[in-house]
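Here's the structure, in structure tokens; my notes come after.
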Amino acid sequence: MNTERGKMEKICIVLFFCFACLALLFPYTGDDWAWGSSVGVDRLKTFFKDYNGRYAGNLVVLVLTRSKMLDAAVMAASFLAVCYFSYAYSADKTLASLLLAAVLFFKMPRTMFAQAVVWTAGFTNYLLSALITVLYLLSIKEITEKEISSAGEPPVRCMWMFILGFVGALFVESVTVFNICLAVAGMIYMFLRFRTYRRTQVCFLLGSIIAALVMFSNGAYGRIAQGVDYYRSTPVGIEETIRVAVEHARLILKYMIYDNLLLPALISGLLMLLVLQRIQSGNGKLRVIVASVFHAGSLILICLKNPIVEKLTVQFALEGLVKDLVPILFALLYGLSILILVLCVVEKGRRFRMLLPFYSVPVYLAPLLIVSPLGARCVFQGYFFMILFAVDLFGYVRKQILPEETWTGKLFGLIVAMQLVFYYNIYYPIHYYDALRLNYIKVQVAEGKQTVVICDLPNSKYLVNGTPSHGNLPERYKLFYDLDENLQFECITYQELKLW
């Protein structure tokens with residue numbers, strides 16, 4: 001056991017170092033330039049009045065945009081926490097579970113990775129808040145398997161859970177709503193099953209509710225409700241609400257499923273292994289076969305979504321909302337088939353705990369259906385829940401079918417190494433040209449030029465607003481790097497910059 005623990009600690013140290021080296025290559029972009037300049041200070045002076053109620057996220061990003069070393073360290077620790085929390089939630093606590101979480105983390109869709117991981121302003125709100133939610137989920141997972149009374153809970157732990165609930169609800173509005181729902185659902189479940197509750201659950205709920213009142217008392221949300229906010233909006237009227245909800249559902253499913261077929265394929269493959277085991281045992285054979293056929297059919301619909309939708313569009317002249325509903329229906333059938341199959345092939349005592357992250361996905365995503373704008377970063381917590389579900393399912397399958405195997409950990413370790421090499425190759429050129437661009441600007445300023453040449457950054461699809469070429473980005477870029485506000489930018493490609 002000590003040998004295994006020592007090996008795990010060494011792997012975690014190596015992962016942290018690799019993650020930190022990668023995070024150092026991530027440039028500050030877009031709104032990072034505002035938070036790290038006088039714009040962020042001005043927002044702080046009014047304590048974000050009429051800006052938003054994301055007080056915790058705002059304060060963190062103010063700090064991280066002023067120290068790249070600290071930014072990289074916090075990012076690396078957070079990436080490692082995603083892997084470790086997934087490992088901790090799984091019943092099979094092996095190195096393979098930890099590394100599988102890392103594989104799935106780095107396999108997230110490119111746009112989500114750029115917005116929720118690389119972009120500091122997105123990272124502080126969406127990834128950090130997700131970690132707090134999952135930390136609470138870890139604290140209550142034991143109630144799904146055995147009775148835990150409130151007796152003996154120290155006051156310090158209760159205070160810690162109150163702080164966790166309060167801080168965790170001051171990052172993102174959808175997370176605030178979800179944390180309250182999660183706390184209430186956990187208390188109801190425990191009361192119905194054990195006729196008791198835990199003080200820590202009450203403290204987390206109270207912290208979340210108080211934070212929600214603080215957050216939504218910010219004047220920005222009144223402006224959103226009145227439809228006068230310059231950036232955020234909610235639909236007005238039934239027809240517009242339906243249109244926005246369908247459009248957002250299509251986008252959510254694109255980020256969660258259709259842009260990343262590896263995750264549903266992995267989940268389906270693991271479930272099929274359990275199906276084969278159950279069929280061989282002869283227990284509930286017909287029910288399992290029917291459920292597996294339904295699941296396989298729904299997976300085929302997911303994988304062949306584009307040609308199927310095109311054929312249906314031609315044959316039935318589908319258009320508009322009706323056409324958008326088809327892939328949504330496919331995804332709903334797939335989700336339903338997973339639920340049915342888990343109920344058929346997973347032993348009763350493990351079902352609720354395994355499905356808790358899975359249940360959490362639609363609850364978390366529901367508020368996003370009517371709030372604009374909707375970016376891939378908004379969906380990150382739902383993706384994190386699916387990682388928890390997949391890793392726990394993998395651990396269950398491994399214990400049931402291959403309890404003595406050791407090759408999966410080595411395989412996942414190799415894949416993580418390949419993914420890190422891939423991302424190093426993506427972000428090192430970005431880092432290089434980001435520094436080169438700034439240095440070249442300073443050289444031109446020293447020559448007395450008022451119009452300076454800047455370049456875009458390579459692999460721009462892996463960034464959020466990496467080039468200060470439009471809107472208020474040039475102004476914020478100049479403030480962040482303390483450049484003359486009267487400078488004019490002339491943008492060229494990074495390939496052209498090589499010629500200078």
field: Inter-residue atom distance Leu368.CG - Ile252.CD1, 0.5 Å rounding
entry: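 So the gap between those two atoms works out to 5.0 Å.
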
task: Could you grab the distance from atom OH of Tyr136 to atom CG of Leu182, nearest 0.5 Å is fine?
output: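 Rounded to the nearest 0.5 Å, the OH-CG separation comes out at 6.0 Å.
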
For [range], which residue pairs qualify under salt bridge (charged side-chain N to carboxylate O under 4.0 Å, His left out), counting only residues two or more places apart or in two chains?
| range | result |
| --- | --- |
| residues 253-271 | Lys254-Asp259 |
| residues 170-192 | Arg54-Glu173 |
| residues 176-186 | none |

task: Just do the side chain to side chain contact (heavy atoms under 4.5 Å, CB included) check on Val61 and Asn125 with the steps written out, would you?
output: CA-CA 8 Å; Val61 74; Asn125 281 319; over 6 Å; no

State, with a plain yes or no, whether a side-chain heavy atom of [X] is found less than 4.5 Å away from one of [Y].
| X | Y | result |
| --- | --- | --- |
| Tyr55 | Asn218 | yes |
| Leu104 | Leu266 | yes |
| Asn260 | Met256 | no |
| Leu463 | Phe26 | no |
| Leu388 | Leu137 | yes |
| Phe48 | Leu59 | yes |
| Phe123 | Leu64 | yes |
| Arg198 | Ser139 | no |

- prompt: Picking from Phe389, Tyr89, Phe412, what satisfies ring pair (Phe, Tyr, Trp, His ring centres under 6.0 Å) with Phe394?
  reply: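 When Phe389, Tyr89, Phe412 are each tested with Phe394, the ring pair (Phe, Tyr, Trp, His ring centres under 6.0 Å) holds only for Phe412.
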
- prompt: Has the side chain of Tyr396 got a donor or acceptor atom that lies under 3.5 Å from a matching backbone atom of Glu347?
  reply: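 Such a contact is found between Tyr396 side chain and Glu347 backbone.
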
query: Just by modelled atom types, is the Cys344 backbone N or O under 3.5 Å from a matching donor or acceptor in the Arg278 side chain?
result: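 A pair under 3.5 Å: yes.
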
Would you please name every residue forming a side chain to side chain donor-acceptor pair (under 3.5 Å) with [X], sequence neighbours left out?
| X | result |
| --- | --- |
| Asn459 | none |
| Tyr87 | none |
| Arg398 | Asp92, Glu405 |
| Ser298 | Ser337 |

Plane angle bin for Tyr364 and Phe385 - parallel if under 30°, tilted between 30 and 60°, otherwise perpendicular: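 Correct class here is perpendicular.
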
Taking all non-hydrogen atoms of both residues, which atom of [X] and which atom of [Y] are closest, and how far apart?
| X | Y | answer |
| --- | --- | --- |
| Ala102 | Gln419 | O-OE1, 3.9 Å |
| Ser292 | Ile289 | OG-O, 2.7 Å |
| Ile132 | Gly168 | CG2-CA, 3.6 Å |

- prompt: ring pair (Phe, Tyr, Trp, His ring centres under 6.0 Å): which pairs involve residues 242-264, sequence neighbours left out?
  reply: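 Qualifying pairs, neighbours excluded: none.
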
Test of ring centre spacing under 6.0 Å for [X] and [Y]:
| X | Y | result |
| --- | --- | --- |
| Tyr221 | Phe216 | yes |
| Tyr383 | Phe105 | no |
| Tyr84 | Phe79 | no |

Show me the donor-acceptor pairs, under 3.5 Å and distance only, between side chains in residues 113-120 and residues at least two apart or in other chains.
{"unit_1": "Gln115", "atom_1": "OE1", "unit_2": "Ala376", "atom_2": "N", "d": "3.1"}
{"unit_1": "Gln115", "atom_1": "OE1", "unit_2": "Arg377", "atom_2": "N", "d": "3.0"}
{"unit_1": "Gln115", "atom_1": "OE1", "unit_2": "Arg377", "atom_2": "NH1", "d": "3.0"}
{"unit_1": "Trp119", "atom_1": "NE1", "unit_2": "Thr29", "atom_2": "O", "d": "3.2"}
{"unit_1": "Thr120", "atom_1": "OG1", "unit_2": "Asp71", "atom_2": "OD2", "d": "3.1"}

message: Just to verify, what does Phe85 make a ring-ring contact (aromatic ring centres under 6.0 Å, His included) with, not counting sequence neighbours?
response: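 ring-ring contact (aromatic ring centres under 6.0 Å, His included) check on Phe85 returns nothing, list empty.
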
Partner residues of Ser268 under the side-chain contact (heavy atoms from CB on, under 4.5 Å) criterion, sequence neighbours left out: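 Here the qualifying residues are His295, Leu299, Tyr334.
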
- request: Begin from the C-alpha positions of Glu247 and Arg250 and carry the test salt bridge (Lys or Arg N to Asp or Glu O under 4.0 Å) through to its verdict.
  value: CA-CA 5 Å; Glu247 175 64 20; Arg250 185 183 64 81; 2.5 Å; yes

Output side-chain donor-acceptor pairs under 3.5 Å for residues 202-213, partner residues at least two apart or in another chain, one line each.
{"unit_1": "Ser208", "atom_1": "OG", "unit_2": "Gly165", "atom_2": "O", "d": "3.4"}
{"unit_1": "Ser208", "atom_1": "OG", "unit_2": "Phe204", "atom_2": "O", "d": "2.9"}

